[in-house]
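Please read the structure below before turning to the comments.
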Amino acid sequence: MAFRKVVKGTLIGGGAVAAVFGASQLLEYRKNQSRLAYVEAQGELKMPYQDALPTRQEQLNKLRDTPEFDVLVVGGGATGAGCALDAVTRNLKTALVERSDFSSGTSSRSTKLIHGGVRYLQKAIMNLDYEQYMMVKEALEERSNLLDIAPHLSAPLPIMLPVYKWWQLPYYWAGIKMYDMVAGSKCLKSSYVLSKSKALEYFPMLKKDKLVGAIVYYDGQHNDARMNLAIALSAARHGAAIGNYTEVVRLLKTTDAQTGKERVCGARCKDVITGQEFDVRAKCIINATGPFTDSLRKMDNQKTANICQPSAGVHIVIPGYYSPDNMGLLDPATSDGRVIFFLPWEKMTIAGTTDTPTDVTAHPIPREEDINFILNEVRNYLSADVEVRRGDVLAAWSGIRPLVTDPNSKNTQSICRNHIVNISDSGLVTIAGGKWTTYRSMAEETLDAAVKTLGLTAGPSRTMGLTLEGGKDWTPTLYIRLVQDYGLENEVAQHLAATYGGKSFDVAKMAQVTGKRWPIVGKRLVSEFPYIESEVLYAIKEYACTAIDVIARRTRLGFLNVQAADEALPRIVEIMAKELGWSEERSQEEMEAAKKFLHHEMGYKSRSEQLTKTSEICLNEQEVNRYKKRFHRFDKESKGFITIVDVQQVLEKLSMRIDEDALHEILNEVDLNKNGQVELDEFMQLMSAVKKGQVSDSRLAILMKTVEEGLDQRGPVSVDRSGGGV
């Protein structure tokens, strides 16, 4: 019965999609022809382009001193930056302000996919929803454009959909093929079916039991925060005045002489760094503040009704060995009906997302229950040979999606990710909802509405096909030139090319000499990641104002490994302090703020709470005796605790030396009461947590095990944080 229902729904829905497919393709053709005609007609148009980015202070001066802008965009996420780029390339005098950093909110906390939405197409087919279908089609067109205009930051990614029931194979195949068909000429690569053996060859970690086969389709993947920044920097190079850490305190209004109505005419802004306030006047104010949409709307009119319903999406990052280097995984139906992606990203593995109602906050925190939900869903699809451990979660974050409220909806899962453009009685233009992939078309629609309603003089949008920051001179082999010309490590060169594109040479020029035979230049911030010190200097040129900006958005270290980010912080703060003239007090404040960010927003708190004083010790008698013996190898005097001195004395017997600061960090990870020593019960709690999978990369556990083996065999001892368990 269920099979009959599925087949019937697929046939009816498929027929409906086929019926509108021809018409939509014709519309697409006409739209593309009109765009081509416009580009040809405007071929001689010269837009200003600045080779050197203005400094942040120069941007603030421009914001303050310009008598009136045509457009002021409030919000520096993907949509806001997209609006600024669309406006400035229409030759409108454009300003953008963001109260925090560019991409500091939802735009940096996505699933990192550029996609049309497979599940939205399924809903469109099953519900015969033409609007949903067109939303998917638009997103697929924008996916293709985004991959073209920022090739260094994005790439096609094959995603596997494993099938465990025979009847699902034709059902899912038909749906995925329809996804390809809707994309039309914008299809990245054709989807295909894999046998069970081939599926396991491509994704060895996959659960084998009852596996029938798999379907592989293609979507895009990107570095979301860097993409957002590229859009904002492109707007700046074309002449827009953009300011991060510039908060709107209140909206400015004037009375229309003809109608007698109040109109918004600007905003009172505050430089968050210095506290100085100034007015920015503009003919049009665009509200692109994502989850905070209603806050600015109420600043305009306290009585206005809310139009956004926030939803929290949690993601986790686990080691790269959990997934192949170039193959993602889609769980189309989790235990509670959600969709989970399991994707390789930046040589790690990202898994998510959840979808739960939440309150709006600037500092969302990932909940432990959401982290465990994702881990449990991942376990359902991976082989029993692969132990998915809570301790393997290297980072976790929560992003707040600004969903458009549907009053008939009972839960946020059924809310369409479409967007709305609203213009208030006072002329405040609001763009709300939507998704990352469609930021450009949303910006185009917003500016079209603003130009039409507010009487601005501007032509059509010119952002389709407009290359973003770093994309112009990028080639797939650019990294080879970086290695040959500057003497960078191969991994570092690949990272720079994939992050900065054609601008990577500017970063390489700032790199310091290492003093080694190889690499010649490029000192790493931490050994496991290819981020180098010159990126901190370049980040300041890209308007980074805080240490958090560097670890979270200029580099992605905080999103990849909170512990590594924590270790890199002192050097990052030292470089920024020297460049920006920070006092000792300011440097300390930056350290504390960054650690707080990692602790709460990037999951360090949840990670550290896996080992607490109240943790139950689950060890059998044999394990207790073995670990006591290991502990007493260091605690020679039977004090009941070990210190740095005890560890150093044992290491000396093996002719090995570890830096005292490094040893302090190693012991501090396990020192629960922070008294400068590790007690026996703390060590037992550690080993119990390792056994349960709650902790998987304790350097002290690895050190003590390998030292014990070294004392027994007098062999070499190595300490590696990424060793993963004992």
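All values derive from a computational prediction rather than experimental measurement. Only this structure's heavy atoms are used, side chains among them; waters, hydrogens and symmetry mates stay out.
Between the side chain of Tyr179 and the backbone N or O of Gly116 there is at least one donor-acceptor pair closer than 3.5 Å. Remark: side-chain polar atoms of Asn228 are paired, donor with acceptor, to backbone N or O of Ala78 under 3.5 angstrom. Under a 3.5 Å cut-off, the side chain of Thr499 and the backbone N or O of Leu496 do not form any donor-acceptor pair. Thr463 places no side-chain N or O within donor-acceptor distance of the main-chain N or O of Asp86, the cut-off being under 3.5 Å. Using modelled atom types, one side-chain atom of Asp294 and one backbone atom of Ile307 make a donor-acceptor pair closer than 3.5 Å. Of the possible donor and acceptor atoms, one in the side chain of Thr289 sits under 3.5 Å from a partner among the backbone N and O of Phe292. Remark: the backbone N or O of Gln122 is not paired with any side-chain donor or acceptor of Gln132 at under 3.5 angstrom. One N or O on the side chain of Asp129 and one on the backbone of Glu131 form a donor-acceptor pair closer than 3.5 Å. A donor-acceptor contact shorter than 3.5 Å links the side chain of Thr106 to the backbone of Ile400. Under a 3.5 Å cut-off, the side chain of Thr353 and the backbone N or O of Val314 do form a donor-acceptor pair.
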May I have the list of side-chain donor-acceptor pairs in residues 147-164 shorter than 3.5 Å, sequence neighbours left out?
from	atom 1	to	atom 2	distance (Å)
His152	NE2	Glu469	O	3.1
Ser154	OG	Ala150	O	2.7
Tyr164	OH	Lys207	O	2.9

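Scanning for side-chain contact (heavy atoms from CB on, under 4.5 Å) contacts around Val388 gives Tyr322, Leu375, Val378, Arg379, Leu382, with sequence neighbours left out. Take Glu387 and apply the side-chain contact (heavy atoms from CB on, under 4.5 Å) test, not counting sequence neighbours, and it matches Arg389. Applying the salt bridge (Lys or Arg N to Asp or Glu O under 4.0 Å) test to Arg553 and every residue at least two apart in sequence or in another chain returns Asp101, Asp549. Not counting sequence neighbours, Trp345 has no partner by the ring-ring contact (aromatic ring centres under 6.0 Å, His included) test. In this structure Phe203 satisfies the ring-ring contact (aromatic ring centres under 6.0 Å, His included) test with no other residue, sequence neighbours excluded. In terms of the ring-ring contact (aromatic ring centres under 6.0 Å, His included) criterion, residue partners of Tyr500 (sequence neighbours excluded) are, by chain and number, Tyr538. Applying the ring-ring contact (aromatic ring centres under 6.0 Å, His included) rule to Phe102 yields no partners; only residues at least two apart in sequence or on another chain are considered. A search for side chain to side chain donor-acceptor pair (under 3.5 Å) contacts involving Asp473 returns nothing, not counting sequence neighbours. Residues meeting the side-chain contact (heavy atoms from CB on, under 4.5 Å) test with Lys189, sequence neighbours left out: Tyr218.
When all heavy atoms of Pro366 and Ile371 are compared, the pair lying nearest together is CB-CD1, 4.5 Å. Looking at every heavy atom in both residues, Gly558 comes nearest to Ala395 through O-CB, 3.9 Å. Closest of all the heavy-atom pairs between Thr430 and Thr293 is CG2-CG2, 3.5 Å. Between Ala235 and Val88, the closest heavy-atom pair is O-CG1, 4.0 Å. When every heavy atom of Ile215 is checked against every heavy atom of Val193, the shortest pair comes out as CG1-CG2, 4.3 Å. The heavy-atom pair separating Ala351 from Ile374 by the smallest distance is CB-CG2, 3.7 Å.
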Candidate pair Trp436 and His115, rule ring-ring contact (aromatic ring centres under 6.0 Å, His included), full reasoning: CA-CA 9 Å; Trp436 222 120; His115 63 135; over 10 Å; no
Test side-chain contact (heavy atoms from CB on, under 4.5 Å) applied to Thr349 and Tyr321, step by step: CA-CA 8 Å; Thr349 301; Tyr321 54 70; over 6 Å; no
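Aromatic ring orientation, Tyr171 versus Trp167: tilted (interplanar angle from 30° to 60°).
When only modelled atom types and interatomic distance are considered, Lys435 and Ser110 share no side-chain donor-acceptor pair under 3.5 Å. For the residue pair Asn145 / Glu141, no side-chain donor-acceptor distance below 3.5 Å is found, with atom types taken as modelled. Side-chain atoms of Asp355 and Ser311 form a donor-acceptor pair, as typed in the model, at a separation below 3.5 Å. A donor and an acceptor atom, one from each side chain of Glu142 and Thr438, are nowhere located under 3.5 Å apart.
Legend: salt bridge (charged side-chain N to carboxylate O under 4.0 Å, His left out) pairs involving residues 214-234, not counting sequence neighbours, sorted by first then second residue: Lys112-Asp224, Arg143-Asp219, Asp224-Arg556, Arg226-Glu542. Sorted by first and then second residue, the salt bridge (charged side-chain N to carboxylate O under 4.0 Å, His left out) pairs with a member in residues 152-164 form an empty list; sequence neighbours excluded.
To the nearest 0.5 Å, atoms CE (Met464) and OG (Ser144) are separated by 8.5 Å.
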